[in-house]
Amino acid sequence: MKIYDKCYINGQWISPVKTQFHDIVNPATNQVCAQTALGTENEVNLAVAAAKAAFSLWSETSAQQRSELIHAVADKMQSRSEELSAAITMTMGCPLHLSRDIQVQGAIDSFRAYAQHAFLMEAREENQEMVIFKEAVGVCVLISPWNYPLSQLVGKIAPALAAGCTMVVKPAEQTPLQDFIMAEIFEQVGLPAGVFNLVPGVGSDIGPVMCSHPDVDMVSFTGSTRAGIKVSQSASPSVKRVCLELGGKSAMIITEDADFAAAVRYGVEDVMINSGQTCNALTRMLVPKSRYEEALLIAKSVAEENRVGSPLDETVSMGPMSSMTQRNTVLNYIKLGIDEGARLVTGGLDLPAEVTTGAYVRPTIFADVNNQMRIAQEEIFGPVLCMIPYQGIDNAVEIANDSLFGLSSSVYAKDTTAALQIARRIRSGQCYVQGAYFNTNAPFGGYKQSGNGREWGEQGLMEYVEIKTVIIA
Ligand code: NAD
């Protein structure tokens, strides 16, 4: 078992003043697989001071210099991709073959994309009256969740580096290992001391210290809406920029004329990937009443195709939930759905037949779900799909929008023009039409209580940019 007993601050590995360790548990075995030292207020203060001191040097580097460094980091990530994948699988249970493809390779590719986006910082608007410059925001606190721990980290550190910001990073308690690998990579490629600082720790403990720190200019947070509200509250007295990427309860509308075999398969697979622990999962499938029973039959058969089991088995499509805590949360929601009167089509409360221990949940589908039920309104964050009947497209759009969240959505129709018209009526930051997938070149973020930021692509860089206007007399 590896013990990570230091924080990475100002280019050095530093032991926290108070020695307190956190057990990292492999959710497939429920065994402790690593330990990390927990950072304290003292290490947060040191890290912020280092990031503040490094800012003037780093923000004044050329886009070319930052771009070369981003390529060098991406090369090292590529050479350590197997180690990154193994760390993610061990700590949050994603099957190893999926960790390689969707958790790590996508993250490396999108990290590299910011080598190009860095040059946007040097583009200026100019006329006889004024020049408009882009400048780096400053010292950023970057807090990430456990469900796609490398991607969520990259979605913050890549644009922050490209813009010329310096940073203090805090991973989720359960999944810090890839952050340590990234710190080692930054050390190896010679990133100037203080640009990237890593302070692992408990969110409710050091999070408020980080988010309220007077020398921090911006907080970018990805996680639950519950914690996002606390982050905003901590940051608001010092008027920081706060970028929130929060939860979702996204709707997929299948129209009456759609290819049901393809549409329902797409929707079920979307919810089950990563054991349902995906913020933009399409967890409410809206189906015309006239074809409801047909859709249920397809959904049941697609869900039951899943092989649940050890994340090290290459034939498995679903590993465990990320922790026993998350498993219990999901099981409580499944019980709630049964109590609310929804019909269990497949799945349920028992351990999957294939396993005897670990944080596993069966792929679960509920029919006869009313959108007012809690299982249709609250984010379950597990492999649970709610199938909701509708009558007419206006009713479908009304149900899709009847949510506190607005992260993503989907429309599947026979005709793409008709699908686009429906897509425009849904209040969400992204909409996947005709079976499209998440794309790291596309701006991503929420409406309503799903957040207020946009990550990925060029728009993701702009989160880290201040606009300066110089007016000429
Ligand atoms: P969480 O809110 O419990 O934790 C997220 C991070 O916040 C962790 O690092 C945690 O330590 C930290 N944290 C907790 N309390 C804090 C506080 N008071 N101040 C500062 N930091 C604090 O979320 P989670 O369970 O790790 O992740 C799941 C949630 O993340 C889901 O709601 C999911 O939808 C959301 N998510 C959103 C996106 C997106 O891009 N919108 C992406 C992935 C996950």
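Worth knowing before you read on, the calculation uses all heavy atoms, side chains too, and leaves out hydrogens, waters and symmetry mates. For ligands, and for the atoms within them, numbers begin at 1 and follow the listed sequence. Every value quoted in this text rests on a predicted model; they were computed, and no experiment measured them.
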If you scan protein heavy atoms around atom 27 (O) of ligand 1, the nearest is Pro145 CB, 3.4 Å
Check this for me: does any side-chain nitrogen of one of Glu184 and Arg80 sit under 4.0 Å from a carboxylate oxygen of the other? yes
Can a non-hydrogen atom of Tyr148 be found less than 4.0 Å from any atom of ligand 1? no
For atom 20 (C) of ligand 1, which protein heavy atom lies nearest, and how many Å away is it? Gly207 CA, 3.4 Å
Restricting to heavy atoms, the pick from Ala281, Cys279, Gly446 nearest atom 39 (C) of ligand 1 would be Cys279
Those atoms of ligand 1 less than 4.0 Å from some heavy atom in Thr222: 5 (C), 36 (N), 37 (C), 38 (C), 39 (C), 40 (O), 42 (C), 43 (C), 44 (C)
Less than 4.5 Å apart, side chain to side chain, heavy atoms only: is that true for Ile426 and Ile253? yes
Is Glu173 close to ligand 1, meaning an N/O of one under 3.5 Å from an N/O of the other? yes
For Leu407, the ligand 1 atoms with a heavy-atom partner under 4.0 Å come out as 41 (N)
Identify the protein heavy atom lying closest to atom 40 (O) of ligand 1, giving its residue, its atom name and the separation to 0.1 Å. Phe444 CE2, 3.3 Å
Contact check, Arg226 vs ligand 1, heavy-atom distance below 4.0 Å: yes
Per atom 22 (C) of ligand 1, closest listed option by heavy atom (Gly203, Ser450, Gly451): Gly203
May I ask you to identify the nearest protein heavy atom to atom 2 (O) of ligand 1, giving residue, atom name and distance to one decimal place in Å? Ser224 OG, 2.6 Å
Could an N or O of ligand 1 be found under 3.5 Å from any N or O of Trp146, whether backbone or side chain? yes
Any nitrogen or oxygen of Lys230, main chain or side chain, under 3.5 Å from a nitrogen or oxygen of ligand 1? no
List ligand 1 atoms under 4.0 Å from Gln152, heavy atoms only on the residue side. 42 (C), 43 (C)
Ion pair present between Glu305 and Arg265, side-chain N to carboxylate O less than 4.0 angstrom? yes
Closest protein heavy atom (residue, atom, distance) for atom 41 (N) of ligand 1: Leu246 O, 2.8 Å
N/O to N/O below 3.5 Å, does that happen between Gly223 and ligand 1? yes
Need the ligand 1 atom indices (1-based, order shown) with element for anything under 4.0 Å from a heavy-atom of Val231. 19 (N), 20 (C)
Note: Glu466-Arg241 ion pair, threshold 4.0 Å (strictly below): yes
Compute the shortest N/O to N/O distance between Lys170 and ligand 1 and return yes if it is under 3.5 Å, no if not. yes
OG/Ser323 to CG/Asn26 distance, rounded to the nearest 0.5 angstrom? 11.5 Å
Suppose we call two aromatic rings close when their centres sit under 6.0 Å apart. Are Tyr114 and Phe119 close by that rule? no
Would Lys170 and Asp179 pass as an ion pair if we require N to O under 4.0 Å? no
Answer yes or no: is there a side-chain heavy-atom contact under 4.5 Å between Phe180 and Thr36? yes
With ring centroids as reference points, do Tyr4 and Trp13 lie under 6.0 angstrom apart? no
Phe438 and Phe444: aromatic ring centres closer than 6.0 Å? yes
Nearest neighbour in protein (non-hydrogen) for atom 9 (O) of ligand 1: Ser144 O, 2.8 Å
The atoms of ligand 1 lying under 4.0 Å from a heavy atom of Ala172, numbered in the order shown, are 8 (C), 9 (O)
In this structure, CD1 of Ile185 is separated from CD of Gln78 (nearest 0.5 Å) by 10.5 Å
Atom 36 (N) of ligand 1 protein-contacted, heavy-atom criterion under 4.0 angstrom: yes
Is any side-chain N of the basic residue among Glu455 and Lys156 closer than 4.0 Å to the acidic one's carboxylate O? yes
Side-chain heavy atoms of Met77 within contact of Val154, under 4.5 Å: yes
Trace of the side-chain hydrogen bond (donor to acceptor under 3.5 Å, both in side chains) decision for Asn197 with Glu43: CA-CA 10 Å; Asn197 303 276; Glu43 288 72 51; over 6 Å; no
Hey, which atoms in ligand 1 end up nearer than 4.0 Å to a heavy atom of Ala227? 2 (O), 14 (C), 15 (N)
Do any nitrogen or oxygen atoms of Thr225 lie less than 3.5 angstrom from nitrogen or oxygen atoms of ligand 1? no
Does Gln174 approach ligand 1 within less than 4.0 angstrom via side chain, backbone, both or neither, non-hydrogen atoms only? neither
Identity and distance of the protein heavy atom lying nearest atom 7 (O) of ligand 1: Phe221 CE1, 3.0 Å
If you count the atoms of ligand 1 from 1 in the order shown, which ones are under 4.0 Å from a heavy atom of Asn147? 43 (C), 44 (C)
Can Pro171 be said to touch ligand 1, with heavy atoms closer than 4.0 Å? yes
Quick check against the 3.5 Å criterion: does Asp270 have a side-chain atom that pairs as donor or acceptor with the backbone of Leu282? yes
Can you tell me how the ring of Phe196 sits relative to the ring of Phe186, calling it parallel under 30°, perpendicular over 60° and tilted otherwise? tilted
For atom 32 (O) of ligand 1, what's the nearest protein heavy-atom neighbour? Residue, atom name and distance, please. Glu379 OE1, 2.6 Å
